[in-house]
A.B. asks: 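Handing you a structure now.
Counting convention: from 1, in listed order, for ligands and their atoms alike.
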Amino acid sequence: MLIKRRTKIINTNGLHARPATRFAEVANKFNSEIFVKTENKEEVNGKSIIDLLTLGAKRGTELLITADGEDKEIALDALEGLVNDGFDEDSMETRKGIAVSPGVVIKDAFVLESEGFRIPRHLIKEEEIPKEISRLEEATKVAWEEIEKLEDRVSTNLGSEIGSIFATHKLMLQDKLLLREFTKKVEQHRFSAEYAVTLVLRVYIKKFESVDDPYLAARVGDIYDIEKRLLRNLLGEKREELKNLTKEVVVVAHDLSPSQIASLDTTKVRGFVTDLGSRNSHAAIVARALGIPAVVGLKTATVDIFGGDRVIIDGNRGDVIVRPDEETIKEYQLIEKDFHVFEEKLTSELKDLPAVTLDGREIMILGNIEFPRDISPNLNQGAAGIGLYRTEFLFLGSNESPTEEEHFKAYSQSVQELGDKPLIIRTVDLGGDKFFPANSNTELNPFLGCRSIRYCLEHPDIFKSQLRAILRASAFGNAKIMFPLISSLQELRKAKDIVNEVKEELNQKGIDFDEKIEIGIMIEVPSAAMVADDLAKEVDFFSIGTNDLIQYTMAVDRGNEKVAHLYSPAHPAILKLLKMIINAAEENNIKIGICGEMGGEVEYTILLLGLGLREFSVAPAMIIPEVKKIIRSVTYERAKEAAETVCSYDDPAKTIEYLRNIVREIIPELVY
Ligand code: PEP
Ligand code: MG
């Protein structure tokens, strides 16, 4: 038998998009049929967001909720509780993502998904409502006309079947109910036309995305498209663009490429969150280098966060707090301050002290950089040099490959700035997830394709011009060459042959360079780890690239949030490979370091130390004092013991817990 409950809407904005979504979400968890009615509206289906929105129920409206079915009692309890709690509407939401760049920031959101349009939650005056509605009507009309022209053009060029894709867009824009929803948002809530469009369409996007039907899921793209078109028409010249921000914001985006992040104006963009991504993608690495807090892999950040929402990004823990209350803001302001005080104290205490264990084992801590401008922050934190210079970022923003002179300028200035400290210049590592205008992605599996050293060997002109520049710069300081992604001895020999050819050319021209320049390789492919003993005989040093080594060993895409939980430096297979590589280097008397992100993750410092590493190249610069603090707080013997212990574990979680406990004992503030 059917049961009923009466309850009153108490949240400020009534049953608008977000509460309706929450109501329908909760209702859909139960098998019972749920209906909702207000005094002057027909009963609607409580499981349908759109139906609920048609009630237009404002604050103070009484809702009559009925339920019929086996779980009707608990369904009504849950729904009544939700309404009584104001749909959690005015309360904040905390989202858990993947922490990729430390620090805390509190700013308004700039949502990039609407083509860089910033849509603040803007309220208009009562008397502006008619004007706002006519703006909406005009924008819709113009959008419809634009699509019609597009349909004609595409049909003529590509055939009517392809052109008909746009017919769907036109139909959506003609949908009277949709337009009514837009205008209702303006009339009832006094939202601006732009905000009304975003609000309504985001509800549909969320609805379509949650449906397990590929056809409906594909419609999401159509709705995004319509949103962009309407917003472009509504905002016209007024739109705020990422390149032209007038105030400090945090950027919320579906995804950001390494080159997009590298070009962010960090005086305005103070942090970012993305739906996609994971800790070891190049995008995350660049974010860390920029020193702005970032959390990725939030899946639905662009749907849940609206432009203008206040957001707290806690890049230490991976938390994103949307629409925080005053108390939480105050709490995070303190955390933000403490974080900076702690970092500054550690730097000033340790900057000029050597990285040496309690029993006297000397370690080198170097920095990883993407741009020469990052050298000075590293030196300021006490870096003993640069252990990885990712030179492919020289390709940023240019449609052409950099010239030899551009390479030379970057390297010669850098070595001079470093004095006698080393600069390990990695030859360009294009491909994988690094595409700039000067190269493009045409492969199905770019991480397994013509990436990195393979690309250089395929393009000897690009490779040689970089090598010439590195060699010329070596006359001015302590430069070293490092090849990425070496997977066989033959590949290494080919690369070295090209270095020798270039040396020969320079000699013939009487150009100065360091004849004894060291050549090293990154060990980042399992096959290279397996033949490390042979490779070690033909190079001066190894640097372990754990970011790729883990990805290729475990078959886990380093940039994919869906499999990020499977990506673990503590996996026994990775520990075995690390031991194998370090042993091969030691037996052949060559230097060995690490430049993957694992080297800068403080929970692994003791393990790496205990495995025998003497060189850590880390990022961001601010992590240098932290790694140094740990090194200076343990004996090598203790680190060896710890490494032996965790190498006997078969469970990565146990390894991490064990290592964290040691760090917690040394510097509790470092373990979040
Ligand atoms: C690595 O793979 O560990 C590495 C340092 O190189 P990148 O992150 O640039 O691929
Ligand atoms: Mg790599």
A.B. asks: So which protein heavy atom does atom 4 (C) of ligand 1 come closest to, and at what separation?
C.D. replies: Met522 CE, 3.4 Å
A.B. asks: Are any of the N/O atoms on Arg426, whether in the backbone or the side chain, positioned under 3.5 angstrom from an N/O atom of ligand 1?
C.D. replies: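 Yes: some nitrogen or oxygen of Arg426 is under 3.5 Å from one in ligand 1.
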A.B. asks: Assert yes or no for the condition that the ring centre distance of Tyr411 to Tyr389 is strictly below 6.0 Å.
C.D. replies: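 Yes, they do, as the ring centres are separated by less than 6.0 Å.
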A.B. asks: Flag the pair His459 / Phe463 as yes when their ring centroid distance falls below 6.0 Å, and as no otherwise.
C.D. replies: no
A.B. asks: At less than 4.0 angstrom from any non-hydrogen atom of Asp548, what atoms of ligand 1 do you find?
C.D. replies: 1 (C), 2 (O), 3 (O), 10 (O)
A.B. asks: For atom 7 (P) of ligand 1, what is the closest protein heavy atom, and at what distance to 0.1 Å?
C.D. replies: His282 NE2, 3.0 Å
A.B. asks: Is a salt bridge present between Asp429 and Lys434, judged by a nitrogen-to-oxygen distance below 4.0 Å?
C.D. replies: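 A salt bridge links Asp429 with Lys434.
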A.B. asks: Tell me whether Lys351 at atom NZ has more than 12 heavy atoms from other residues, nucleotides or ligands lying less than 6.0 Å away.
C.D. replies: yes
A.B. asks: Testing the basics here: between Met580 and Ala529, what is the closest heavy-atom pair and its distance to 0.1 Å?
C.D. replies: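 So the minimum-distance heavy-atom pair works out to CE-O, 3.5 Å.
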A.B. asks: Pick one of side chain, backbone, both or neither for how Glu597 approaches ligand 1, counting any non-hydrogen atom pair under 4.0 Å.
C.D. replies: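 The answer is neither; Glu597 stays 4.0 Å or more away.
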A.B. asks: Under 4.0 Å from ligand 1, counting heavy atoms only, is it the side chain of Lys434, its backbone, both or neither?
C.D. replies: side chain
A.B. asks: Quick one: report the N, O or S atom of Asp548 that is nearest to the Mg ion (ligand 2).
C.D. replies: OD2
A.B. asks: Within the 4.0 Å heavy-atom shell around Cys595, which atoms of ligand 1 are there?
C.D. replies: 5 (C)
A.B. asks: Should the pair Arg288-Glu597 be classified as a salt bridge under the 4.0 Å nitrogen-to-oxygen rule?
C.D. replies: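 Yes.
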A.B. asks: Does only the side chain of Asn280 get under 4.0 Å from ligand 1, or the backbone, or both, or neither? Count heavy atoms.
C.D. replies: neither
A.B. asks: Under a 4.0 angstrom heavy-atom cut-off, which atoms of ligand 1 come close to Asp429?
C.D. replies: 9 (O), 10 (O)
A.B. asks: Taking non-hydrogen atoms only, is Leu388 closer than 4.0 angstrom to ligand 1 via side chain, backbone, both or neither?
C.D. replies: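 Contact part for Leu388 vs ligand 1: side chain (C-beta onward).
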A.B. asks: In ligand 1, which numbered atoms sit nearer than 4.0 Å to a non-hydrogen atom of Ile285?
C.D. replies: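 Every atom of ligand 1 under 4.0 Å from some heavy atom of Ile285: 8 (O).
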A.B. asks: Is Lys96 salt-bridged to Asp319, cutoff N-O under 4.0 Å?
C.D. replies: yes
A.B. asks: Checking salt bridge (charged side-chain N to carboxylate O under 4.0 Å, His left out) for the pair Glu586/Arg614: CA distance, chi angles, key distance, verdict?
C.D. replies: CA-CA 11 Å; Glu586 276 175 354; Arg614 280 179 180 268; over 6 Å; no
A.B. asks: Are any of the heavy atoms in Glu392 under 4.0 Å away from ligand 1?
C.D. replies: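 The answer is no: ligand 1 sits nowhere under 4.0 Å from a heavy atom of Glu392.
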A.B. asks: State whether Asp429 contributes an N/O/S atom found under 2.8 Å from the Mg ion (ligand 2).
C.D. replies: no
A.B. asks: Quick one: do Glu637 and Lys640 satisfy salt bridge (charged side-chain N to carboxylate O under 4.0 Å, His left out)? Show the steps, please.
C.D. replies: CA-CA 5 Å; Glu637 283 311 309; Lys640 271 206 300 200; 3.6 Å; yes
A.B. asks: Between Asp650 and Lys654, is there a side-chain N and carboxylate O pair less than 4.0 Å apart?
C.D. replies: no
A.B. asks: Out of all atoms in ligand 1, which are within 4.0 Å of some heavy atom of Gly596? Include the element for each.
C.D. replies: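 In order of number, 3 (O), 5 (C).
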A.B. asks: As an exercise, identify every atom of ligand 1 less than 4.0 angstrom from a heavy atom of Arg451.
C.D. replies: 10 (O)
A.B. asks: Only N/O/S atoms count here: what is the atom of Glu524 closest to the Mg ion (ligand 2) called?
C.D. replies: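 Output for this pair reads OE1.
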A.B. asks: Give a yes or no on whether a salt bridge exists between Lys464 and Asp461, defined as a side-chain N under 4.0 angstrom from a carboxylate O.
C.D. replies: no
A.B. asks: Return a yes/no value for Arg558: is any of its N or O atoms, backbone included, closer than 3.5 angstrom to an N or O of ligand 1?
C.D. replies: yes
